[in-house]
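Read the structure below first, then the notes.
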Amino acid sequence: MKKVFTLSVIALVTATLFTSCYKNSSVYIDESYWLSQERGDVVYSDNNCSYFVVETNYGYTIIRSLGGYRPFEGSMIYGHFGNYGVKDFYNSSSGRIITGDVVEVDLSYSDAQYSLDYYCPYAKGQERHLIKAPAAGSVKAVRPK
């Protein structure tokens with residue numbers, strides 16, 4: 001009888017211990033930090049290609065998506081677009097952090113087209129259109145009365 005009682009107590013304590021431990025999957029994102037970084041507008045993203053194109057103040061940047069998530073065309077992302085390498089970016093449109101490898105920086109429109117033909121050759125020869133990002137001054141500020 002003592003064995004049954006002792007094993008029952010040990011099993012109950014073990015079950016309570018393992019069920020009370022959980023991983024907190026919510027991640028705090030300091031939006032003020034990300035919004036102080038350089039802004040880029042996603043002007044090309046395709047489901048069949050792991051690369052997407054971001055238009056910045058200095059030209060076009062090509063980023064290879066790591067982790068399987070690519071932002072949609074028209075999304076605004078924040079981060080450091082001027083240097084090569086693996087970096088994190090903040091997609092303010094969806095509130096997610098994206099990890100990407102910056103492979104080309106400061107390209108002209110035609111150079112970005114040629115680079116896409118190199119990185120995504122499945123559609124080589126077909127014309128791809130990079131969408132036009134909205135102008136920075138196109139949003140009118142409303143003054144309080």
### Message
Please report the interatomic distance CD1(Ile77) to CG(Asp88), rounded to the nearest 0.5 Å.
### Response
11.5 Å
#### Entry: Check: Glu31/Tyr90 side-chain N/O donor and acceptor closer than 3.5 Å
yes
### Message
When you compare the side chain of Cys120 with that of Asn48, does any pair of heavy atoms fall below 4.5 Å?
### Response
no
### Message
Could you measure the distance from the CG atom of Leu116 to the CD1 atom of Ile62? Nearest 0.5 Å is fine.
### Response
4.5 Å
### Query
Under 3.5 Å, side chain of Ser115 to main-chain N/O of Asp111, donor-acceptor pair present?
yes
### Query
Should Val54 and Tyr119 be regarded as members of a common hydrophobic cluster, given that ILVMFWY residues are connected when their side-chain heavy atoms come within less than 4.5 Å of each other, either directly or indirectly?
no
### Query
Nearest 0.5 Å, what's the CD1-OG1 distance between Ile63 and Thr99?
11.0 Å
### Query
At what distance, to the nearest 0.5 angstrom, does OG1 of Thr56 lie from CD of Glu38?
5.0 Å
### Query
Would you say the side chains of Gln37 and His80 form a donor-acceptor pair under 3.5 Å?
yes
### Message
I need the minimum non-hydrogen distance between Ser75 and Ser93, along with the two atoms involved.
### Response
CA-OG, 3.4 Å
### Query
To the nearest 0.5 Å, how far apart are OH in Tyr51 and CG in Asp101?
7.5 Å
### Message
Test side chain to side chain contact (heavy atoms under 4.5 Å, CB included) on Val102 and Asn83; report intermediate values, then the result.
### Response
CA-CA 7 Å; Val102 177; Asn83 299 328; over 6 Å; no
### Query
Any donor and acceptor pair, going by atom type alone, linking the side chain of Ser92 with main-chain N or O of Met76 inside 3.5 Å?
yes
#### Entry: Hydrophobic cluster identity match, Val105 and Phe52, side-chain contacts under 4.5 Å
yes
### Message
Please evaluate residues Tyr69 and Ser94 with respect to the criterion side chain to side chain donor-acceptor pair (under 3.5 Å), reporting the C-alpha separation (whole Å), side-chain torsions for both, the decisive distance (0.1 Å), and the verdict.
### Response
CA-CA 11 Å; Tyr69 175 76; Ser94 66; 3.1 Å; yes
#### Entry: Rounded distance (nearest 0.5 Å) linking atom CZ of Arg96 with atom CG of Asn91
8.5 Å
### Query
If Ile, Leu, Val, Met, Phe, Trp and Tyr residues are connected whenever their side-chain heavy atoms lie under 4.5 Å apart, and connections chain through other members, are Tyr84 and Leu107 in the same group?
no
### Task
Tell me whether Tyr78 is reachable from Ile29 by hopping between hydrophobic residues (I, L, V, M, F, W, Y) whose side-chain heavy atoms are closer than 4.5 Å.
yes
### Task
Treating Ile, Leu, Val, Met, Phe, Trp and Tyr as nodes and any side-chain heavy-atom pair under 4.5 angstrom as an edge, say whether Tyr44 and Tyr60 lie in one connected cluster.
yes
#### Entry: Flag, side chain of Arg70 to backbone of Ser45, donor-acceptor distance under 3.5 Å
no
### Task
Classify the ring geometry between Phe81 and Phe89 as parallel (under 30°), tilted (30 to 60°) or perpendicular (over 60°).
parallel
